[in-house]
Amino acid sequence: MHVSHLSLADFRSYARVEVPLDPGVTAFVGPNGQGKTNLVEAIGYLATLGSHRVASDAPLVRMGADRAIIRAAVVQGERQQLVELELNPGRANRARINRSSQVRPRDVLGIVRTVLFAPEDLALVKGDPGERRRFLDELITARSPRMAGVRSDYDRVLKQRNTLLKTAALARRHGGRQMDLSTLDVWDQHLARAGAELLAQRLDLIATLRPLADKAYEQLAPGGGPLGLEYRGSAGEAMAAASNREELYGVLLAALGEARKSEIERGVTLVGPHRDDLLLKLGQLPAKGYASHGESWSYALALRLASYELLRAEGNEPVLVLDDVFAELDARRRERLAELVAPGEQVLVTAAVDDDVPGVLVGARYAVSDGAVEKVDR
Ligand SMILES: Nc1ncnc2c1ncn2[C@@H]1O[C@H](COP(=O)(O)OP(=O)(O)OP(=O)(O)O)[C@@H](O)[C@H]1O
Ligand SMILES: [Mg+2]
């Protein structure tokens, strides 16, 4: 698929901007702080309902405005669709598809698909487990948009269960009335149900991603691998033996039972996909804490390239977004990455100077300066 038009109103630094786009490569070039990343961040938002730079929507709305609008025309094969999101920080966001009346924002998922490479990706390797969980869950949702519903069910159940545990913990500490814990049993089942579905998808994703990531790393840094992608579940060893959703449900439920005493002591849910991690190994060692800066970078790029291969193989080619990544790479990896992404249906690149865009990425060019996005004739 590709985006044929992007229009923004009160998004980040843009009061209004209209950007027609073609398939193939488009580079946005301009000095620092002019709004290049803001453009691709908007496209990424349509694909994930989140920003790769910030956790909340508030910074996405132009200072002084009270809501932002991202609108895109999307072409997939013969099909044209218009998606629109209205970001209302502090209130519910709104969405429309083909100008029809309101749909839920999550109904928009799956229309725009992106794989975004950015300097922030280094956190995939070096950062907290939450970064890797987000990576897995965004990819799961890109593969299967209905997982957005499962994720939000899980988050809701988790929140309610935590509230209950907190109350129990407080009652216990202050010697108050003992809580009726049978309510907790029901929440355990809800949590295990949604959790097992999420876990099953994550495990399947990792198994599919493993060979693709290995191949990508070999292309970027020949002889440097192999990579090891291992899921570290908070439900413990028993998870390894579970081969389907039903069994994972049983494992989670059992682990919640075992953890109950400490959960009530601490007032928080200690078992479930929200406590898990993806261990990234390079050779025999964990990448985090051991890999060099360059190796960590190659690792992060390999994970993104593998995501691209996976989505493409599963039938809907995503838009490739490369935000400022070439300047961070040495000449060899720059060339290799450029060659690997060049054939993509649509490739959007941002760079501070023309020279940072590798020669094989020929295509349209826009100059981005002070809120204006203007096509450069070449
Ligand atoms: N909510 C907002 N309201 C107004 N301006 C904003 C908002 N959010 C960000 N900006 C401005 O947008 C600019 C940053 O834009 P962006 O990150 O797209 O720059 P860039 O062209 O990618 O720069 P670089 O080359 O440094 O990556 C900053 O000047 C920032 O002040
Ligand atoms: Mg930028």
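Note that ligands are numbered from 1 as they come in the structure, with each ligand's atoms numbered from 1 the same way. Only this structure's heavy atoms are used, side chains among them; waters, hydrogens and symmetry mates stay out.
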**Prompt:** According to a 4.5 Å side-chain heavy-atom criterion applied to Ile, Leu, Val, Met, Phe, Trp and Tyr, with indirect links allowed, do L311 and L212 form part of one hydrophobic cluster?
**Reply:**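 Yes, because L311 and L212 connect within a single hydrophobic cluster, where side-chain heavy atoms sit under 4.5 Å apart.
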**Prompt:** Heavy-atom contacts under 4.0 Å between D324 and ligand 1: side chain, backbone, both, or neither?
**Reply:**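 It is the side chain that gets close, since no backbone atom is under 4.0 Å.
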Are any of the heavy atoms in [X] under 4.0 Å away from ligand 1?
| X | result |
| --- | --- |
| G30 | no |
| T350 | no |
| V368 | no |

**Message:** No waters, cut-off 2.8 Å: how many protein N, O or S atoms are close to the Mg ion (ligand 2)?
**Reply:**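 Those protein atoms number 1 in total.
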With heavy-atom distances below 4.0 Å as the criterion, list the atoms of ligand 1 near [X].
| X | answer |
| --- | --- |
| V61 | 1 (N), 2 (C) |
| Q34 | 19 (O), 20 (P), 21 (O) |
| T37 | 17 (O), 18 (O), 20 (P), 22 (O), 27 (O) |
| P59 | 1 (N), 2 (C), 8 (N) |
| R53 | 17 (O) |

**Request:** Quickly, which of L361, D355, T350, V357 forms a side-chain contact (heavy atoms from CB on, under 4.5 Å) with F326? Name it, please.
**Result:**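 Single side-chain contact (heavy atoms from CB on, under 4.5 Å) partner of F326 among L361, D355, T350, V357: L361.
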I need the nearest protein heavy-atom contact for [atom]: residue, atom name and distance, please.
| atom | answer |
| --- | --- |
| atom 28 (C) of ligand 1 | G33 O, 4.0 Å |
| atom 2 (C) of ligand 1 | R12 O, 3.5 Å |
| atom 3 (N) of ligand 1 | M63 N, 2.9 Å |
| atom 26 (O) of ligand 1 | N32 ND2, 3.2 Å |
| atom 18 (O) of ligand 1 | N38 N, 2.8 Å |
| atom 11 (C) of ligand 1 | S13 CB, 3.9 Å |

**Asked** So is G35 polar-close to ligand 1, meaning N/O to N/O under 3.5 Å?
**Response**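 Yes; the residue has a nitrogen or oxygen that sits under 3.5 Å from a nitrogen or oxygen of the ligand.
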**Item:** ligand 1 N/O within reach of A352 N/O, cut-off under 3.5 Å
**Value:**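 Min N/O separation from ligand 1 is not below 3.5 Å for A352.
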Could you tell me whether the side chains of [X] and [Y] share a donor-acceptor contact shorter than 3.5 Å?
| X | Y | result |
| --- | --- | --- |
| S298 | R333 | yes |
| S243 | E247 | yes |
| E314 | N316 | no |
| H274 | Y154 | yes |
| E18 | H5 | yes |
| Y14 | N38 | no |

**Message:** Classify the ring geometry of F28 against Y366: parallel below 30°, tilted from 30° to 60°, perpendicular beyond 60°.
**Reply:**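 The rings of F28 and Y366 lie parallel, inter-plane angle below 30°.
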**Item:** atom 31 (O) of ligand 1 touched by protein (heavy atom, under 4.0 Å)
**Value:**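 Protein heavy atom within 4.0 Å of atom 31 (O) of ligand 1: absent.
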Heavy atoms only: give me the nearest [X]-[Y] pair and the separation to one decimal.
| X | Y | result |
| --- | --- | --- |
| L191 | V271 | CD2-O, 3.9 Å |
| V125 | A287 | CG1-CB, 3.7 Å |
| R106 | A148 | CD-CB, 4.0 Å |

**Intermediate values then yes/no, salt bridge (Lys or Arg N to Asp or Glu O under 4.0 Å), R161 and D188** = CA-CA 8 Å; R161 193 173 181 279; D188 284 10; 2.8 Å; yes
**Request:** Validate the cation-pi geometry between R193 and Y249: distance from NZ or CZ to the six-membered ring centre under 6.0 Å, angle to the ring axis within 45°.
**Result:**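 The answer is yes; both the distance and angle limits are met.
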**Message:** Side chains of L348 and V25, heavy atoms from C-beta outward: is any pair under 4.5 Å?
**Reply:**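 A side-chain contact under 4.5 Å is absent here.
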